[in-house]
Amino acid sequence: MNKNNDNIEHLNSDNRTLWDFEAQDFPLPDGSGIGRIQRFDFNDILRLYRSEFRVQRDCIIDTSAADTELPNLLCSVFLLSGEMLLETPDAKQYQITPQSGIMYRVRDNGTRFHLKGGQTLRHVGVAGKISGLHKQLGHQLPGALACFSSFPESGVVSREVTVNTRLRGLLANVFSPSTCSSDPLQEIALEGVSMSILAEMARTILASDTDVEGRASLWGEHIFDSLTSYIRNNLDAPLKADDICQRFGITRRQLNQLFQVSAQCSPREFWRRERLEHARKLIEDDGVPVKMVANAVGYSHVSNFSKAYREYFGETPGHTLRLRTIDTPAE
């Protein structure tokens with residue numbers, strides 16, 4: 001297990017400046033902001049990327065790797081905060097958000113990140129070597145993962161990965177104090193989290209092909225849209241499942257099924273996610289003080305809000321507010 005910075009793939013700005021993985025920070029292309037990125041290699045099979053981009057203006061980041069190594073990598077991109085477009089070498093674009101990431105494999109260089117200005121991106125990427133996965137899982141990967149065993153004519157294979165509660169918690173752990181501290185145990189902790197992320201991604205993709213029969217009917221989709229609109233309009237209220245069921249004329253069982261099928265989470269998990277995502281928007285976009293944000297999303301105690309926020313985003317709301325203050329130019 002080692003932290004390797006020799007012969008690594010790199011991220012280039014439009015003028016082809018190499019980014020230093022060891023630097024405390026580095027400029028985004030054309031003065032669009034600053035960022036930091038770290039890479040960790042584990043046992044010649046697993047790889048982890050952890051990065052934070054404070055993007056002031058729209059920019060595009062090119063990525064590249066050794067031509068002999070790239071086709072052997074099964075890569076992924078996830079975000080704890082912010083959003084971006086990932087463009088693969090076949091010119092297809094994928095929207096990456098905190099709710100939806102991607103697992104992909106490309107034969108050729110040319111993958112690009114399109115970053116939108118006015119946001120802080122927290123990114124986690126886990127890559128596994130196909131050769132190593134084949135040793136563990138067989139020459140042909142199982143089920144819905146089998147598509148990654150070979151390349152189509154386009155040279156790109158990709159699958160969307162819904163970020164469920166388990167995966168979200170694992171991604172947040174990449175930025176937890178125990179994995180960010182500079183001590184000999186840091187990489188041991190990161191290796192365990194990275195392997196768990198890879199396993200959860202695979203489980204999510206394998207499960208996705210078995211969910212077809214459970215997709216919501218048109219009636220269910222209509223009710224679900226009404227439910228989610230109601231929840232988003234009442235984030236400061238103590239919502240109760242029985243009250244929601246009575247309002248929409250459904251049973252508790254129907255309520256849970258609708259969310260499991262349409263959102264791959266429970267109603268409570270969806271409510272928590274919406275509260276925290278709205279809280280971050282209030283802080284980043286408007287600079288609302290933490291105590292006021294907590295009240296706006298239904299937390300009566302700031303300490304409970306801060307704990308939930310840190311578990312979800314991997315940082316405290318105070319840290320988000322400080323970054324917002326730094327990135328917002330004085331009037």
Side-chain angles (χ1 to χ4, degrees), residues 1-11 21 37-51 63-80 86 88-89 94 96 100-111 113 122-152 154-164 166-175 179 186-209:
M1 176 175 57
N2 62 0
K3 188 175 182 180
N4 179 11
N5 292 287
D6 298 324
N7 300 318
I8 56 178
E9 69 267 65
H10 48 276
L11 293 160
F21 280 72
I37 186 167
Q38 293 176 298
R39 169 185 154 179
F40 301 86
D41 287 341
F42 308 110
N43 298 326
D44 198 37
I45 296 177
L46 192 65
R47 182 174 298 173
L48 169 70
Y49 298 93
R50 173 174 64 187
S51 57
T63 71
S64 64
D67 292 337
T68 56
E69 182 183 35
L70 183 62
N72 191 36
L73 290 177
L74 180 57
C75 305
S76 66
V77 174
F78 294 97
L79 293 175
L80 280 171
L86 182 144
T88 47
Y94 304 85
I96 311 299
S100 181
I102 189 172
M103 179 182 277
Y104 66 101
R105 186 182 174 196
V106 295
R107 183 176 54 208
D108 305 307
N109 277 304
T111 300
F113 295 161
R122 279 198 149 190
H123 155 262
V124 176
V126 173
K129 292 188 177 180
I130 289 291
S131 55
L133 293 175
H134 281 161
K135 288 180 181 178
Q136 293 183 321
L137 301 175
H139 179 69
Q140 185 75 8
L141 297 179
L145 295 173
C147 63
F148 293 110
S149 293
S150 59
F151 285 112
S154 66
V156 178
V157 188
S158 65
R159 291 293 299 264
E160 181 181 354
V161 181
T162 300
V163 180
N164 57 33
R166 292 186 301 275
L167 182 54
R168 178 77 197 196
L170 292 169
L171 296 172
N173 281 342
V174 174
F175 286 92
T179 55
Q186 178 198 39
E187 292 191 17
I188 295 177
L190 282 174
E191 181 178 13
V193 173
S194 301
M195 186 62 75
S196 296
I197 290 173
L198 181 61
E200 188 60 37
M201 284 192 296
R203 287 194 185 100
T204 301
I205 290 175
L206 289 171
S208 64
D209 281 0

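Throughout, residue positions are numbered sequentially from 1 according to the sequence presented.
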Among all residues two or more places apart in sequence or in another chain, which pass the side-chain hydrogen bond (donor to acceptor under 3.5 Å, both in side chains) test with Arg203? none
With a 4.0 Å cut-off on N to O distance, would you call Arg47 and Glu69 a salt bridge? yes
Between the main-chain N or O of Ala65 and the side-chain N or O of Asn109, is there a donor-acceptor pair closer than 3.5 Å? yes
Value rounded to 0.5 Å, distance of CG in Asn43 from NZ in Lys129: 10.5 Å
Shortest non-hydrogen pair, Pro89 vs Gly110, comes out as CG-C, 4.0 Å
Closest non-hydrogen atom pair, Leu171 against Leu80: O-CD1, 3.7 Å
Only counting residues at least two apart or in another chain, list the ones meeting salt bridge (charged side-chain N to carboxylate O under 4.0 Å, His left out) with Arg168. none
Is the shortest heavy-atom distance from the side chain of Tyr104 to the side chain of Val157 under 4.5 Å? no
Thr111 backbone acceptor or donor facing Thr63 side chain under 3.5 Å: yes
Evaluate the side-chain proximity of Val174 to Ile197: yes if any heavy-atom separation is below 4.5 Å, no if none is. yes
d(Thr204 OG1, Met103 CE) to nearest 0.5 Å is 8.5 Å
Is the backbone N or O of Pro71 less than 3.5 Å from a side-chain atom of Arg105, with the two atoms forming a donor-acceptor pair by type? yes
Between Ile205 and Val161, is any pair of side-chain heavy atoms under 4.5 Å apart? yes
Just how far is it from atom CD1 of Ile102 to atom SG of Cys75, taken to the nearest 0.5 Å? 10.5 Å
Taking side-chain hydrogen bond (donor to acceptor under 3.5 Å, both in side chains) as the test, write out the residues that go with Asn72, two or more places apart. Ser131
Suppose the criterion is salt bridge (Lys or Arg N to Asp or Glu O under 4.0 Å): which pairs have a residue in residues 139-149, not counting sequence neighbours? none
Sorted by chain and number, sequence neighbours left out, side-chain hydrogen bond (donor to acceptor under 3.5 Å, both in side chains) with Arg50 holds for Gln38
Could you pull out all donor-acceptor pairs under 3.5 Å where a side-chain atom in residues 145-152 meets a protein atom, sequence neighbours excluded?
residue, atom, partner, partner atom, Å
Ser149, OG, Leu141, N, 3.2
Ser149, OG, Ala146, O, 3.4

Who passes salt bridge (charged side-chain N to carboxylate O under 4.0 Å, His left out) against Arg107, sequence neighbours left out? none
Are Ser158 and Tyr94 packed together at the side-chain level, in the sense that at least one heavy-atom pair is separated by less than 4.5 angstrom? yes
Looking at CG of Leu74 and CG of Leu198, how far apart are the two atoms once the value is rounded to the nearest 0.5 Å? 7.0 Å
Side chains of Phe78 and Met201: does their closest heavy-atom pair fall under 4.5 Å? yes
What I'd like to find out is whether the side chain of Leu170 reaches to under 4.5 Å of the side chain of Glu200, using heavy atoms alone. yes
Just to verify, what does Ser51 make a side-chain hydrogen bond (donor to acceptor under 3.5 Å, both in side chains) with, not counting sequence neighbours? His123
Are any of the side-chain heavy atoms of Val124 and Leu48 separated by less than 4.5 Å? yes
Across all chains, not counting sequence neighbours, the side chain to side chain contact (heavy atoms under 4.5 Å, CB included) partners of Ile45 are none
Could you pull out all residues at least two apart from Ser100 that satisfy side chain to side chain contact (heavy atoms under 4.5 Å, CB included)? Thr97, Glu160
Within 45° of the ring axis of Phe175 and under 6.0 Å from its six-membered ring centre, is that where the NZ or CZ of Arg122 lies? yes
